[in-house]
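Read the structure below first, then the notes.
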Amino acid sequence: MSDFVKVSRDGDVAVVTIDNPPVNALSFRVREPLMQALVELRDDASVAAIVIACAGRTFVAGADITEFGKPMQQPELRAIVAVLETIAKPTVAAIHGTALGGGLELALGCHFRVADAGAKLGLPEVKLGLLPGGGGTVRLPRLVGALKALKMVVSGSPVGATEAHEAGLVDAVFEGDLTTHAVNFAREIARKGGPFTPVRDRDGLKGTDLAALDAEAADLARKARGLEAPIACAQAVRNAVMLPFDAALAAERALFVKLVASDQSRAQRHVFFAEREAAKLPGKDIVKRRIARVGVIGAGTMGGGIAMAFANGGYPVTMLETSHEALQRGLATIDKNYSVSVTRGSLTADAKRERLALFKGSTDYADLADCDLIVEAVFEDMAVKKEVFGKLDAVAKPGAILATNTSYLDINEIAASTSRPQDVLGLHFFSPANVMKLLEIVRAEVTAPDALATVVDLARRIGKVAVVVGVCHGFVGNRMLAARGAESEALLLEGATPSQIDQAFTDFGWPMGPFQMGDLAGLDIGWRNRKARGQTAVIADTLCEQGRFGQKTGWGFYLYENGSRTPAPDPEVEVLIRDKAAERGIAPRAISAEEIIERTLYPLINEGAKILEEGIAARASDIDVVWVNGYGFPVGKGGPLFWAGLEGPARIIERLEYWHQRTSKDVFKPAPLLKRMAETGSWEAGG
Ligand code: 3H9
């Protein structure tokens with residue numbers, strides 16, 4: 001008997017319990033005793049049936065991801081599943097929590113699967129740049145059909161117990177003590193007698209519509225945006241249909257071996273662990289403050305989105321506006337947004353009613369007195385923010401956390417203007433705040449550790465990926481974005497077109513390029529910011545002067561005719577760019593995609609190195625988390641600082657120095673930490 005796999009008996013039913021906290025991953029220390037237990041129970045004539053269950057909060061959540069990239073210790077999961085399939089007596093997986101990846105593959109090795117009503121089942125390997133490598137792509141289609149399997153494997157999204165039951169993935173759903181139900185289920189099945197058909201011999205592939213499968217696979221491939229794993233997943237499911245079982249299994253294995261060694265999968269695994277690491281703060285035992293009600297000041301796009309994010313996490317919200325009309329407008333928009341979700345089927349009408357019941361509106365600051373956290377999302381102006389915080393200081397209860405959603409302003413200054421700077425911090429949401437995963441949590445100089453720990457925990461509860469950052473202009477994300485954007489206009493003036501630059505970005509894997517993004521967000525936002533800071537951007541400013549604000553006005557860097565959201569190149573903009581270049585005596589030249597990347601992404605990395613050096617971000621991986629979750633940096637490249645390691649820091653420095661020499665611009669001056677990284681191969685200070 002091992003600490004990680006225990007065998008007990010309930011009459012003639014054996015229960016194998018995996019106990020490998022926190023998520024019962026199939027580490028070597030589990031696989032070895034599990035294999036041994038299964039072999040013994042198979043050969044034990046006194047055992048009529050076997051149940052595989054898990055201790056703790058979940059069934060097996062997958063292979064142990066930390067073992068990837070190291071030599072695989074035997075027995076592998078595939079061998080365990082193969083042994084399961086040699087067992088003549090009924091085997092039953094008892095699934096609670098999540099059966100994911102290798103966990104579901106283990107369950108697919110059993111004759112039967114029973115699940116707790118709240119369980120979720122899925123093959124999320126694609127999100128780690130992988131495909132299921134323990135037979136999942138070959139067995140799942142035999143149970144649920146090829147098309148359903150394709151969708152599950154390529155999306156990586158789990159299904160609930162009820163859906164799994166309807167699809168044939170699960171044989172019974174129970175509420176209450178699952179192991180007892182599973183034992184009774186197994187005993188009853190054993191009593192009825194076999195033979196029991198292993199999943200490998202089930203006939204779920206009969207009548208597969210290959211044309212429909214290929215059409216779906218082609219559609220999914222189009223959306224893969226340069227990622228190899230979704231394509232491999234689709235190929236593996238197709239193999240399951242076309243090849244004999246063992247050949248399909250071998251083909252799956254070959255694809256897995258290739259992917260697990262790929263840079264993309266390494267990058268995606270890096271992001272997986274980076275996201276979890278980012279939420280860790282020093283000082284584990286800090287007592288968190290109680291958050292029962294949240295206040296949000298401002299019911300515009302940002303305030304409304306923030307309020308929805310909290311309501312979606314189950315928190316009652318008090319929304320404050322200056323006028324009754326503005327408040328009603330804000331609440332109506334929220335109602336409309338939820339209605340869209342109901343129409344799309346992502347929210348039930350009942351859930352919408354429950355969410356809306358969490359909102360309370362007010363125009364009186366005194367109504368914020370019972371809030372434990374108050375987030376302001378008012379106009380981005382220091383005087384306005386200070387006025388708001390002055391009022392909050394007067395009404396908020398002692399110990400309430402006072403947060404600003406500022407994107408750029410000095411939070412130390414805001415905090416110092418109150419009588420309780422220790423309770424002040426930044427919660428920088430990204431628009432639309434109810435959708436975007438990233439939350440930059442800004443720690444001001446004197447923010448209390450328990451206030452910080454409270455909001456980090458709260459962020460997780462409302463489904464956000466939190467990264468704690470320090471105070472500087474633009475914090476981590478927007479400060480690096482400014483460094484990326486600095487050269488965009490220069491590239492235009494020197495001869496590149498907006499679509500050429502955007503194309504270089506989308507070829508790299510971004511969902512869109514900087515000009516498409518500007519048009520989508522509204523060019524007037526940047527224009528207003530520049531004016532406030534005495535800065536100019538000749539092309540963007542001229543477009544704004546002409547009323548070209550982007551998609552919302554039908555034109556910006558591109559044309560959007562008849563309400564279209566698809567950007568069409570506009571010859572007028574190209575003439576404008578050439579004219580402005582001529583005025584400055586710049587002769588246009590051909591600009592390569594490589595130059596575009598060098599002049600936009602290398603400064604982005606360089607700025608990241610400066611941020612790390614200044615301690616604004618605690619870890620290089622935190623910066624990657626910000627960029628992947630907040631700005632669409634391709635996850636298959638792992639974030640800017642991870643990608644810098646792949647691209648080669650020495651090359652990046654060489655090219656930065658080249659551009660620095662040519663332009664004398666600060667963004668190209670290599671950061672000392674980047675140089676150290678080139679020498680040591682590590683972003684950690686001191687290597
Ligand atoms: C696979 O199965 C391949 C096979 O097809 C083929 C094999 C041949 N391994 O997320 P949490 C850690 S690929 C190692 O905060 P939650 C995690 O790092 C795998 N460690 O909890 C964290 O550690 P720490 C397919 C893992 O309750 C701690 O557990 N499976 C693994 O919010 C708690 O995690 C997946 O992709 C793992 N597999 O969410 C599932 N999983 O405390 C990945 C977690 O030190 N996991 N850890 O920071 C998840 O999606 C979530 O963890 C889960 C729980 C939903 C299970």
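Values reported hereafter were calculated over all heavy atoms of this structure, with side chains retained and with hydrogens, waters and symmetry mates removed. Numbering of ligands and ligand atoms starts at 1, following listing order. Note that the structure is a prediction, hence the values are computed from the model and not measured. One is the number of the first residue; the rest follow in order along the sequence.
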Name the atoms and distances for all side-chain donor-acceptor pairs under 3.5 Å in residues 222-230, with sequence neighbours left out.
residue, atom, partner, partner atom, Å
Arg222, NH2, Asp219, OD1, 3.2
Lys223, NZ, Asp219, OD2, 3.2

I'd like a table of donor-acceptor pairs (distance under 3.5 Å, sequence neighbours excluded) in which one partner is a side-chain atom from residues 623-630, with atom names and distances.
residue, atom, partner, partner atom, Å
Asp624, OD1, Leu641, N, 2.8
Asp624, OD1, Phe642, N, 3.4
Asp624, OD2, His270, NE2, 2.9
Asp624, OD2, Phe642, N, 3.2
Asn629, ND2, Glu275, OE2, 3.1
Asn629, ND2, Val625, O, 3.1

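When the salt bridge (Lys or Arg N to Asp or Glu O under 4.0 Å) test is applied to Glu76, the partners found at least two apart in sequence or on another chain are Arg78, Arg253.
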Evaluation steps, salt bridge (charged side-chain N to carboxylate O under 4.0 Å, His left out), between Arg290 and Asp372: CA-CA 7 Å; Arg290 181 173 170 269; Asp372 306 289; 5.1 Å; no
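Taking every heavy atom of both residues into account, Met480 and Pro640 meet most closely at CE-CG, 4.0 Å.
Under 4.0 Å from any atom of ligand 1, one finds heavy atoms of residues Pro22, Val23, Ala25, Arg57, Ala61, Gly62, Ala63, Asp64, Ile65, Phe68, Thr98, Leu100, Gly101, Gly102, Glu105, Pro124, Glu125, Leu128, Pro132, Gly133, Gly134, Phe256, Phe272, Phe273, Arg276, Lys280.
Judged by a 6.0 Å distance limit and a 45° cone about the ring axis, Arg269 is not positioned over the six-membered ring of Phe273.
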